Amino acid sequence: MKDVVFGQIYPVNSPVHRADARAKFIIMILYIVTVIFASSFMQMAVIALLLLTVILMSRIPPLKVLSALKAIIVLAIATFIFTVLLNKGEGAENESLYLEFGPFCICGTGLLTGAFIICRIVLLIVGPTMVTLTTTPVDMADAIEFLLAPLKLIKVPVHAFGMIMSIALRMIPTLFEETQRVMNAQKARGACFDHGNVFKRIGALVPVLIPLFISALKRSADLSDAMESRCYNGGKGKTRMKVLKFRVSDILSMLFSALLLFFILVCVYNWWNWGWVAFMQMGTV
Amino acid sequence: MQNKELKKTSSSGGLIEIKDLTYTYNPKSPFETRALDKVSLTIERGDFFGIIGQTGSGKSTLISHINALTRVQLKGKVNDCATVNVCGIDLTAKKPDLKRLREKVGMVFQYPEYQLFADTVREDVAFGPKNLGIGDAETDERVREAIRLVGLNYTEISERSPFELSGGQKRRVAIAGVIAMRPEVLILDEPTAGLDPEGKRELLALFKDIQLTTCPTIVMVSHNMDEVAECCNKVAVLGGGKVLGVFAPSELFSKRELIRSLGLELPVAVELASYLAEHGIPVRPECLTEEELLGELLSAYGGGR
């Protein structure tokens with residue numbers, strides 16, 4: 001089960017886990033915008049510090065959070081290498097040039113930009129990971145349905161989307177278990193899934209995929225029968241068993257996130273020419 | 001390592017020899033659960049070995065070890081003293097010969113009909129033998145034999161799609177797919193779940209038949225005590241990942257308290273026999289099967305005929 005991407009939630013009880021899923025989503029969106037606007041190492045440090053507070057508050061082992069980075073390590077390193085190699089600096093005289101070959105060079109500005117981009121990628125991954133680690137898939141689907149609600153005005157079937165998403169999320173562990181079971185059954189009959197070349201391996205999956213599809217189709221037929229027999233008619237007048245509720249703390253944290261975004265924008269653009277902003281612009285790239 | 005070698009030579013004769021086996025699901029996470037806790041079992045050649053216990057008592061984990069679908073956990077220290085020896089293959093080794101093992105140990109899962117996939121019954125039953133690398137001629141012979149053994153008509157059924165058969169037939173085809181590999185040990189995980197009483201009886205008769213003809217050792221997990229009383233000569237009782245005891249059926253079903261505490265029911269014949277005995281009907285209360293009880297009743301009342 002631990003390999004399933006969606007069921008990532010790390011089930012402990014913490015203020016972050018208890019927070020409203022919609023609030024977490026909104027905060028996540030504000031956070032992503034903030035990270036993208038941040039333009040200096042000092043601003044990044046402020047964001048990272050706040051993120052660290054959230055991680056500590058969630059009582060998830062920090063290493064567990066960082067393991068989400070494994071998935072993007074190749075992307076991060078490739079990005080770093082290309083940024084460093086292709087960045088020629090501004091051609092300033094005091095540019096420290098370390099190495100040059102053909103169209104590539106390694107210079108101070110390049111290294112700084114590379115490091116900055118790595119920071120940005122790490123922050124962009126870790127933040128949303130905190131949402132998936134602290135929110136159940138069902139809550140997430142509900143939150144997405146809520147956030148898409150404005151689209152109802154242009155006749156997008158938002159409720160149907162939400163229902164599809166909830167069912168899909170609900171079925172992932174089931175299908176995963178089923179796959180495991182069928183694979184075991186075929187292994188017991190001497191099937192081998194980890195030998196031979198690519199084509200052989202794909203061929204070896206046929207005895208797994210066919211039973212899997214059959215049972216998935218049967219399951220969905222059963223489910224639709226079950227829904228129909230309970231008079232499901234697509235959301236008109238449907239009430240919720242678990243009503244999502246914004247609490248004061250949720251609203252405060254959303255306001256705080258908005259404030260952070262505003263703060264970073266001020267730091268970047270310095271509309272009112274405040275002196276202290278220079279401090280926050282230290283390490284601008 | 002040396003230690004392990006020593007143990008291997010000293011392990012005594014059972015066909016399946018399990019000693020001090022421990023298994024933990026999701027170790028070192030909030031989902032950590034210990035499914036098996038120092039389990040020891042010996043299954044001899046010729047046994048029809050029953051395994052009973054509540055849901056979550058570790059039955060499935062235990063039997064999937066026998067087929068190495070669940071590998072002995074070697075990480076950590078828990079299994080350092082464990083022995084798992086199946087048909088002479090040491091499963092605590094890093095790389096046991098899985099192909100040879102699966103040739104010797106056949107496994108019929110719960111609802112085995114969900115593993116069917118091929119276009120025709122013949123191809124589906126031939127899947128196992130083909131994976132073992134057996135030639136076409138012999139595969140064909142084995143397929144015929146297996147289909148006949150499970151009580152189906154080869155000429156009638158071999159070219160049909162397994163998906164258009166009835167539920168009971170599908171299950172038989174799936175079982176034939178395992179028997180066609182000619183295993184020495186057959187493991188059955190709740191083989192009669194979801195069948196009607198008639199189908200259950202037929203299937204059990206079938207397993208007894210298979211035991212006599214091709215596969216002498218059978219291990220069966222079951223919730224149905226009637227079946228266990230009917231078929232098994234030894235029964236292991238699992239609870240909370242531990243073996244609570246291995247009994248002969250007659251001994252097991254005299255331990256009413258144990259059976260009740262596991263949330264299981266006594267076989268109908270046992271209940272009936274003890275009820276009749278209590279009310280003054282001259283039958284032995286320790287009758288296990290329908291047949292035995294019927295015999296008792298006949299000898300008590302049918303003497304005149």
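Chain letters run A, B, ... following the sequence lines, proteins first, then strands; residues in each count from 1. None of the values given here were measured: they were computed from a predicted structure.
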Please report the shortest heavy-atom distance between [X] and [Y], naming the atom on each side.
X        : Y        : answer
A/Met130 : A/Ile55  : SD-CG1, 3.7 Å
B/Val178 : B/Pro183 : O-CD, 3.7 Å
A/Arg59  : A/Val12  : O-CG2, 3.9 Å

Part of residues 179-190 of chain A lying next to chain B, heavy-atom separation under 4.5 Å: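 Expected list: A/Arg181, A/Val182, A/Asn184, A/Ala185, A/Gln186, A/Lys187, A/Ala188, A/Arg189, A/Gly190.
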Rounded distance (nearest 0.5 Å) linking atom CG of A/Leu123 with atom CD1 of A/Ile118: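 Rounded to the nearest 0.5 Å, the CG-CD1 separation comes out at 11.5 Å.
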Straight-line distance of A/Lys245 NZ to A/Asp20 CG, nearest 0.5 Å: 11.0 Å
Engaged part of A/Tyr10 at the chain B interface, taking heavy atoms whose separation is under 4.5 Å: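 The side chain, not the backbone.
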Residue pair B/Ile175 / B/Leu203, side-chain heavy-atom distance below 4.5 Å: yes
Beyond-backbone contact of A/Pro211 with B/Phe117, side-chain heavy atoms, under 4.5 angstrom: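 A/Pro211 vs B/Phe117: side chains touch.
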B/Phe48 ring center within less than 6.0 Å of B/Phe207 ring center: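 Between B/Phe48 and B/Phe207, which both carry aromatic rings, the centre distance is not below 6.0 Å.
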Contacting moiety of B/Phe109, where chain A heavy atoms sit under 4.5 Å: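 Looking at B/Phe109, just its side chain touches chain A.
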Side chain, backbone, both or neither of B/Tyr25 within contact of chain A (heavy atoms, under 4.5 Å):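 For B/Tyr25, there is no contact with chain A at all, as no heavy atom is under 4.5 Å.
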Heavy-atom pair count under 4.5 Å with chain A, highest-scoring of B/Thr70, B/Asp124, B/Val105, B/Val108: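 So the answer, after comparing B/Thr70, B/Asp124, B/Val105, B/Val108, is B/Asp124.
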